[in-house]
Amino acid sequence: MIDNQIKDLIHNAATIGITSHIRPDGDAIGSVIALGLALEKASKKVEMVLRSGVSKTFRHLPGANLIKRSFATDCDIYIVLDCSDELRTGGVLKDRKPDIVIDHHSTNSEFGKVNLVEPEAVATCSMLAEHMPRWGLEIDEAIAAALLSGIISDSIGFRTSNTTSNSLRIAADLMDKGVDITNLYNKALISKSFESFNYWGFGLAKLQRENGLVWTTLSLEDRKNAGYMDEDDADLTNILSSIEDIDVAVLFIEQSADNVKVSWRARPGFDVAVIAKSLGGGGHPPAAGADLKGSLPEVQEKILKLTKEYLEKNENRKH
Ligand code: AMP
Ligand code: MN
Ligand code: MN
């Protein structure tokens, strides 16, 4: 049983390194904090690492201050959470193969020695909430806050199509640990800086539509003009995906002169993870991303062409 394998690996280790993906979302941050704190409680020496650090949105979580940008020592085992391939850790593991990978991406490449991958799970945090007690790890209030934040952010407030009655039951059990869901929900999804809204404004002003496809860009210039300090899209993708009567939304976020992050959102029935995976990225059928080489106009042209071709081929998936 994979739970027994993970339990043995954890309990036989004295020092444990934990990491997740670059530009971490709430699920990445929440899962690293939750597992990190639980292992510390089990008397392990833990290093929690995220290559891009913790965005302002999640710095209120107890334990967020423990996260570093690189590993300081050699750990007995390494655990990678909510991350579908080695590249996306941002190179923090150097050449080391992770001992355990825990994830819910359908595109996970199973790059660990032991891989616990549940593509139907709403979040890596919901997986941890279910599995941690089986590994002998206790969930206290701080851990519950991290897990619930991850679930709320990955399900966009229980709105994504993979939200089930079980996701809600897991969330309810976490609430029973004493966490304030209203506050966590607000911090994870609703409350945004003035700069974020300004940044959205630049993107929204360039919004385009062709049949069932909408798209826009966020350039480095937009980021600078808005005074936005993080490297992500400030969740503009979630806004694009709420436009009615569209099949797919694409957002291009310029990262440097020759690197663009692409985010796809699709309505149920379509599988944009297939497009992302074919370009070295990954994700879930309705939400996927990829990091591509090239200038913003180059990447935009190439991706729009591919996405339009995908939509033409999958016209029958519309419902
Ligand atoms: P995003 O568009 O960044 O919000 O990501 C949507 C989904 O795709 C999330 O589940 C991400 O973890 C995944 N994803 C985003 N970018 C990449 C990438 N470069 N490689 C693999 N998966 C990605
Ligand atoms: Mn994630
Ligand atoms: Mn996730």
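Both counts, for ligands and for their atoms, begin at 1 and track the order of listing. No hydrogens, no waters, no symmetry mates; every other heavy atom, side chains included, goes into these values.
- When atom types are taken as modelled, the side chain of Lys68 and the backbone of Glu47 share no donor-acceptor pair closer than 3.5 angstrom.
- Using a 4.0 Å cut-off between charged nitrogen and carboxylate oxygen, Glu309 and Lys313 do not count as a salt-bridge pair.
- Note on ring orientation: taking the six-membered ring where Trp is involved, the planes of His104 and His284 are tilted (angle from 30° to 60°).
- Every N/O-N/O distance between Trp264 and ligand 1 stays at or above 3.5 Å.
- With sequence neighbours left out, the side-chain hydrogen bond (donor to acceptor under 3.5 Å, both in side chains) criterion links Lys177 to no other residue.
- Ligand 1 lies within reach of Asp291, whose nearest heavy atom is under 4.0 Å from it.
- Counting protein heavy atoms only, atom 2 (O) of ligand 1 is closest to Ser263 OG, 2.5 Å.
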Walk me through it: do Glu221 and Phe202 pass the test side chain to side chain contact (heavy atoms under 4.5 Å, CB included)? CA-CA 10 Å; Glu221 185 77 10; Phe202 287 103; over 6 Å; no
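- Heavy-atom distances between Lys277 and ligand 1 stay at or above 4.0 Å for every pair.
- Contact annotation for Arg23 and ligand 1: no heavy atom of the residue comes within less than 4.0 Å of the ligand.
- Listed by atom number, the atoms of ligand 1 under 4.0 Å from Gly283 heavy atoms are 8 (O), 13 (C), 22 (N).
- Of the possible polar contacts, one joining the Thr15 side chain to the Asp76 backbone as a donor-acceptor pair under 3.5 Å is found.
- Which parts of ligand 1 touch Gly281 is read off a 4.0 Å heavy-atom cut-off, strictly below it: atoms 18 (C), 20 (N), 21 (C).
- Near Ser84, meaning under 4.0 Å from one of its heavy atoms, ligand 1 places the atoms 21 (C), 22 (N).
- Interface atoms of ligand 1 facing His284, defined by a heavy-atom separation under 4.0 Å, are 10 (O).
- Remark: ligand 1 and Gly289 share an N or O pair separated by less than 3.5 Å (distance only, no angle test).
- Here CG of Leu137 is found 10.5 Å from CD1 of Ile6. Values are rounded to the nearest 0.5 Å.
- One side chain, Ser219 or Asp222, offers a donor N or O that lies under 3.5 Å from an acceptor on the other.
- Here His21 reaches the Mn ion (ligand 2): one of its N/O/S atoms is less than 2.8 Å from the metal.
- A salt bridge does not link Lys261 to Glu231: none of the charged nitrogens lies less than 4.0 Å from a carboxylate oxygen.
- Within the 3.5 Å criterion, the main-chain N or O of Thr217 finds a donor-acceptor partner in the side chain of Lys206.
- At a heavy-atom cutoff of 4.0 Å, ligand 1 is contacted by the backbone of Ala290 but not by its side chain.
- For atom 21 (C) of ligand 1, the closest non-hydrogen atom of the protein is Gly282 N, 3.1 Å.
- Nearest protein heavy-atom neighbour of atom 3 (O) of ligand 1: Lys261 NZ, 2.5 Å.
- When the side-chain contact (heavy atoms from CB on, under 4.5 Å) test is applied to Asp25, the partners found at least two apart in sequence or on another chain are His21, Asp27, Ala28, Asp82, Asp154.
- Looking at atom 7 (C) of ligand 1, its nearest protein heavy atom turns out to be Ala287 O, 3.3 Å.
- A 6.0 Å sphere centred on CD1 of Ile239 holds more than 12 heavy atoms belonging to other residues, nucleotides or ligands.
- Ranking the protein heavy atoms by distance from atom 20 (N) of ligand 1 puts Arg88 CD, 3.1 Å first.
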Distance-only check: which donor-acceptor pairs under 3.5 Å involve side-chain atoms of residues 55-63, not counting sequence neighbours?
residue	atom	partner	partner atom	Å
Arg59	NE	Val54	O	3.0
Arg59	NH2	Val54	O	3.1
His60	ND1	Thr57	O	3.2

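- A salt bridge is defined here as a Lys NZ or Arg NE, NH1 or NH2 lying under 4.0 Å from an Asp or Glu carboxylate O, and Asp103 with Arg88 fails to meet this definition.
- Protein heavy atom nearest atom 9 (C) of ligand 1, with residue, atom name and distance: His105 NE2, 3.8 Å.
- Looking from atom 4 (O) of ligand 1 to the surrounding protein, the closest heavy atom is Arg265 NH2, 2.7 Å.
- Less than 2.8 Å away from the Mn ion (ligand 3), the protein contributes these N/O/S atoms: Asp27 OD2, Asp82 OD1, His104 NE2, Asp154 OD2.
- Side-chain contact annotation: Asn162 with Thr160, donor-acceptor N/O pair under 3.5 Å present.
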